[in-house]
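All remarks here apply to the structure that follows.
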Amino acid sequence: YDRLEEIENPELATQLTRELYKAKGYPEAWIEKRMRSIAIREELTEEWKNRGIKEQIEYSILTAEISKATFGLTPSEYKKIKGLKSQNLRDHMNDLELIFSMLGEASTTAIVQTKNPKGFIENQKVAKQGGSVAGKARVDLESKTGKKVITTDNYLPEGKKNKQLNK
């Protein structure tokens, strides 16, 4: 019944997601960024779908290309740095990490809309270009602040965090 209600009114799913993040103790400002990052991701995947990306593995590879160009790491490498196993990486990113992820995906979306790539290979090139926009901005910020954007910090509860890092 709840799923049918969400189909009829997608705002219910969005509200539930917000409530779940709040119940887990995430700050309101972080929740806003995370919800925006979900919307940006959905827009990108819709563009990819319209340009011939159909298989889940293709979405994963394209996402990894954006991440590598943005952070110098694939999502699985990034998860290791944060001590994560099956958890969603973005749910454990700080504000800057989320912002640069969004920039990489929003830049990729803008380039996709401009260049209209078809199929996997062309979209892979564009994914690298979009991620590169965010990667250059990240490197520039790091050089100006002297601080790395990528952190080991995450939102795991302390007990789980320690267990994850020791494994």
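Just so it is clear, the values below take in all heavy atoms, side chains as well, and ignore hydrogens, waters and symmetry mates.
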Quick one: [atom1] on [X] to [atom2] on [Y], what's the gap to the nearest 0.5 Å?
X	Y	atom1	atom2	value
Leu16	Arg18	CG	CZ	12.0 Å
Lys24	Asp91	NZ	CG	6.0 Å
Asn94	Ile150	CG	CD1	10.5 Å
Thr151	Met93	OG1	CE	9.0 Å
Glu32	Leu98	CD	CG	12.0 Å
Asn123	Ile111	CG	CD1	11.5 Å

Does [X] use its side chain to pair, donor to acceptor, with the backbone of [Y] at less than 3.5 Å?
X	Y	result
Glu58	Glu55	yes
Ser60	Gln56	yes
Thr45	Glu42	yes
Ser67	Thr63	no
Lys68	Thr74	no
Thr152	Ile81	no

If Ile, Leu, Val, Met, Phe, Trp and Tyr residues are connected whenever their side-chain heavy atoms lie under 4.5 Å apart, and connections chain through other members, are [X] and [Y] in the same group?
X	Y	value
Leu84	Phe100	yes
Ile53	Leu44	yes
Met35	Leu89	yes
Tyr59	Phe71	no
Ile66	Val112	yes

Validation row: [X], [Y] side chains within 4.5 angstrom (heavy atoms):
X	Y	answer
Arg41	Arg90	yes
Leu62	Thr108	no
Arg34	Asn88	yes

*Kindly indicate, with the supporting measurements, whether the criterion side-chain contact (heavy atoms from CB on, under 4.5 Å) is fulfilled by Lys85 and Lys79.*
CA-CA 7 Å; Lys85 298 260 183 215; Lys79 285 174 90 167; over 6 Å; no
*Residues Lys49, Glu46; criterion salt bridge (charged side-chain N to carboxylate O under 4.0 Å, His left out); working and verdict*: CA-CA 5 Å; Lys49 186 173 95 178; Glu46 189 64 27; 3.7 Å; yes
*NZ of Lys54: more than 12 outside heavy atoms within 6.0 angstrom?*
yes
*When you look at NZ of Lys118, are more than 12 heavy atoms from neighbouring residues, nucleotides or ligands closer to it than 6.0 Å?*
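Buried by this count: over 12 neighbours within 6.0 Å.
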Are [X] and [Y] ion-paired here, with the side-chain N under 4.0 Å from a carboxylate O?
X	Y	answer
Arg51	Glu47	yes
Asp140	Lys136	no
Arg138	Glu142	yes

*Work out which heavy atom in Thr114 is nearest to a heavy atom in Ala110; give both atom names and the distance.*
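For Thr114 versus Ala110, the nearest heavy atoms are OG1-O, 2.9 Å.
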_From His92, Gln87, Glu97, residue fulfilling side-chain hydrogen bond (donor to acceptor under 3.5 Å, both in side chains) relative to Lys82_ = Glu97
